[in-house]
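Naming convention: chains lettered A, B, ... in sequence-line order (proteins, then strands); numbering from 1 in each chain.
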Amino acid sequence: MKSRSALFDEAFLRRLEHLDLVTRRPVAGHLRGAHRSRRTGTGMVFADYRPYSEGDDTRNLDWGIYLRLDRLILRLFEEEADLPVYLLLDTSASMNFGAPRKFDFARQIVAALGYLALRNYDRVSAVAWADGVAKELASRRGRTQVWPLFSFLEGLEPASGTDLLASLRGTFGASRTRGLVILVSDFLDEGAFTEATRWLRQFRHEVVAFHVLAPQEFEPDLPDQVELVDEETGQPLVLDGTLPLVEAYKQELARHCASIEDACRREGWSYLMARTDTPFEDLMLMSLRRAGVLR
Amino acid sequence: MNSGVTLLALAVVAAIVVGLYLLRPPPQRVAVGSTLLWRRVLAAQKGLSQRWRWWLSLLLALAIALALAAALTGRDGVAPAADPRDVVVVVDSGPTMNAMRSDGRTRFEHARGWAIDEIRRLGAGARFFVTDTMRTVSTGTFVDAAQAQAVLETLKPARGGAPRFPDLAMLPASTAGRDLVLVSDGVAPLDAPEGVRTHSVFEPAGNVGITAFSVRPRATDAARYEGFVELGNAGGTAVTVALRVAGAGRDALTRNASVPARGFASLSFPLDGFTGGALQATVSTPGDMLDLDDTAFAFLPFNRVLDVALVTPGNPDLERALKLDTRLRVRVVAPAQYASRTGFDAYVFDRFAPPKPPLAPALVFHAGAVEWLAPATAPVRAPEFAGWVTDHPVLENVSLSDVVVEKGVAFRTVGPGVQTLATDASGQPLVVARDRTPRVVAVGFAPSESNFASQASFPVFLANALQWLSAEVPPQSASVGAVRVPFENAKVEAVRAGRVETRAVPGGTLFSLPAPDFATVEAEGVRMRVAVNTTDPDITDINASALPPAAAASATLAEAPASSDTPWWPLLIGAAALLMVLEWLAYHRRLTV
């Protein structure tokens with residue numbers, strides 16, 4: 001596939017074609033796909049036997065058993081279904097920070113994973129969220145939908161504040177098929193992250209959380225007297241960029257990251273720290289495979 | 001600087017500080033994705049708000065700047081406004097004020113420094129009359145602080161003499177209330193009048209000094225001399241000191257002596273080997289805080305042969321009698337040759353007298369009528385001695401009772417400085433002595449005109465007379481400072497000071513020596529020695545103070561208006577330094593901006 005997007009070059013897309021999204025549980029897709037589902041049907045993998053009932057597909061009768069036992073026994077196969085993939089990209093203003101921008105890095109993650117899902121004929125929905133659902137790309141399927149997805153992502157710009165819970169409510173408030181939720185954010189949310197995860201848990205989605213942070217957030221280089229301006233609220237905060245304060249900030253950041261990771265692990269979700277200074281190819285080709293998100 | 005200017009200066013400083021704070025560049029703006037975590041950090045630190053920190057910082061800066069400004073202006077004399085007053089400051093400049101204190105400065109330096117500080121403290125609100133107990137300086141009238149300080153700067157402590165409190169009646173009249181302040185170590189009895197506030201600069205100190213040094217003939221041999229030294233110890237512990245006596249003719253003589261605590265010790269030692277002249281005694285003691293009394297001088301008489309000219313037309317008896325005396329070298333000179341012969345230590349005139357007085361002492365027998373001798377009456381026949389002065393050195397051990405005189409003259413009157421030594425029956429003087437330089441002994445008859453030469457007392461008379469005539473003027477003792485000698489136009493040469501400036505005063509000469517020394521005074525052919533010493537037990541005893549030590553005295557005088565407060569600009573400097581440390585700590589603990 002020839003790249004027409006500014007998000008990736010063609011060579012990288014070609015390397016992505018060898019990867020597949022992995023789900024730990026059977027999927028609940030309605031359409032035929034490449035993922036194992038809980039339903040039995042016309043798949044290739046044997047699942048179970050059951051007595052024949054009227055109306056069953058006679059092609060799955062086990063004639064060997066009939067000859068030995070004089071009973072009609074039907075062979076059941078796991079049906080392979082498509083995977084609903086929900087790409088949730090944080091477009092709050094805080095994602096505008098960093099060099100390179102956290103937003104650009106997060107958008108590349110979403111685009112890459114969306115590309116993989118579409119290439120495997122999974123149904124992909126993309127949601128840009130900030131303090132609520134900002135913009136949404138309706139569910140679509142098939143390789144040809146890659147370019148609308150990329151176009152949708154390229155049209156996004158970070159703005160406004162962050163409210164993860166409100167965004168999740170807006171996204172999953174309507175009935176959504178259980179699937180894979182790709183949540184990409186810096187998680188700099190005033191609201192409690194655990195509350196959001198607790199709310200999302202009820203839908204039994206499989207969630208992969210990408211925690212995107214810029215290196216400047218890990219190692220802030222501040223002058224002695226500094227007025228920090230919040231990208232989201234625009235409010236200033238005057239402080240002294242002294243070593244003890246910076247050290248306290250680093251400890252607070254570590255606590256913050258640990259709390260998000262703990263919340264994800266508690267729910268059985270995958271958590272990945274994505275520093276924007278990490279080479280993107282290393283993240284996709286090595287880190288995600290190591291984490292079991294891709295294979 | 002008056003208080004108005006001071007307030008203006010402080011206001012300007014405050015305005016500058018506030019202005020600088022307002023003009024401080026704002027903190028650099030840095031955009032971050034979210035201040036969520038920073039706010040959590042700040043909330044966890046629970047520090048002061050930025051506004052409060054700013055105000056605290058400003059207040060600290062203002063306090064530091066104002067303290068420094070007030071200290072700088074206060075150093076130039078700014079002081080709390082005081083009531084106008086006249087202050088008499090009397091600084092003790094007596095010899096004991098030369099004693100060192102433990103900080104290396106003398107009591108006098110402490111006294112003068114304290115007085116200057118007090119004058120600065122009182123500032124423009126007072127007038128001052130400054131004087132000292134040795135009467136060396138005085139402002140003359142009440143003057144302002146600057147003039148008073150200038151006078152104090154010129155004041156130096158005396159190294160000898162007795163201090164006393166100045167006569168209050170001599171002070172200029174004061175229109176305002178008058179304060180009397182004395183700064184002293186309290187050693188010398190100053191008899192300060194009632195109402196005088198005293199500031200003590202006394203601090204106990206160790207001192208061993210020479211309180212007496214003299215040369216005297218030995219009891220067993222009057223031709224030999226011994227030295228006598230008395231040492232005084234002002235300290236509270238007994239000390240062993242080394243005494244060194246140096247002079248001409250031999251190596252220095254050293255003696256050790258143990259001087260009891262707050263007591264005296266005396267030493268006597270033979271002076272054999274010294275040829276005469278100045279003797280210098282020096283005592284050295286570890287921890288001695290007063291050097292003034294560590295050196296003293298005395299005079300050792302010379303033992304030498306006198307050159308005597310016998311001016312006579314011929315008198316074998318007299319010549320033989322003189323030549324029998326081994327201490328004399330006699331030259332017989334005819335009267336006609338007298339004018340051409342000089343350089344003798346003494347003259348003996350026999351029936352002759354030169355028209356002008358000789359430059360050396362003279363013993364005159366039956367001279368003619370000359371101006372410089374006591375005028376004589378007409379010749380008298382067979383005068384008889386009726387009485388004579390036996391306690392005069394010339395007639396000591398001399399009896400004139402058997403002397404028979406054939407003819408002679410009686411002296412008519414006795415002039416100034418002339419003493420009658422012997423008289424005839426009518427009371428007319430037959431032997432007179434003039435105790436003025438040069439000395440003269442005049443006898444109204446010649447040996448050849450009497451049987452005096454055959455008397456046993458004649459050689460005794462000659463020896464006594466020549467001894468008295470040739471004896472130098474007895475050495476004087478004087479205290480360090482101004483010395484007056486009874487010779488006009490005298491020249492003074494001192495052992496340590498060299499040639500000394502002199503000043504003519506009526507009937508004598510005045511000179512000054514600032515330290516123990518030995519001076520030789522010469523005038524009109526007369527030589528006199530002056531031993532200038534500080535051998536005074538009252539000076540050596542520098543701990544005999546009637547005042548408490550200085551530290552205690554400051555506390556007791558704290559309530560006195562003219563001597564209570566210490567200068568407060570050092571306190572302000574200290575406060576500013578303390579505030580700077582506080583600001584430094586506050587800044588690094590993020591309490592200030």
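- For A/Leu222, the part lying near chain B is the side chain, with the backbone staying farther off; criterion is any non-hydrogen pair under 4.5 Å.
- Partners of A/Glu219 by side chain to side chain donor-acceptor pair (under 3.5 Å), not counting sequence neighbours, listed by chain and number: A/Lys250.
- For A/Phe105, the ring-ring contact (aromatic ring centres under 6.0 Å, His included) test picks out A/Phe280, with sequence neighbours left out.
- In this structure, B/Glu109 does not pair ionically with B/Arg101, as no charged nitrogen and carboxylate oxygen lie closer than 4.0 Å.
- Using a 4.5 Å cut-off between heavy atoms, B/Arg40 contacts chain A through its side chain alone, with no backbone atom that close.
- Residues A/Glu252 and B/Arg39 are not paired through a salt bridge, judged by the lack of any N-O separation under 4.0 Å between the basic side chain and the carboxylate.
- Using a 4.5 Å cut-off between heavy atoms, A/Pro220 touches chain B through its side chain atoms alone.
- Interface residue A/Asp189: only backbone heavy atoms are found under 4.5 Å from chain B.
- By the 30° and 60° cut-offs, the orientation of the rings of B/Trp114 relative to B/His199 is parallel.
- Contacts between A/Leu237 and chain B at a heavy-atom distance below 4.5 Å involve the side chain alone, from C-beta outward.
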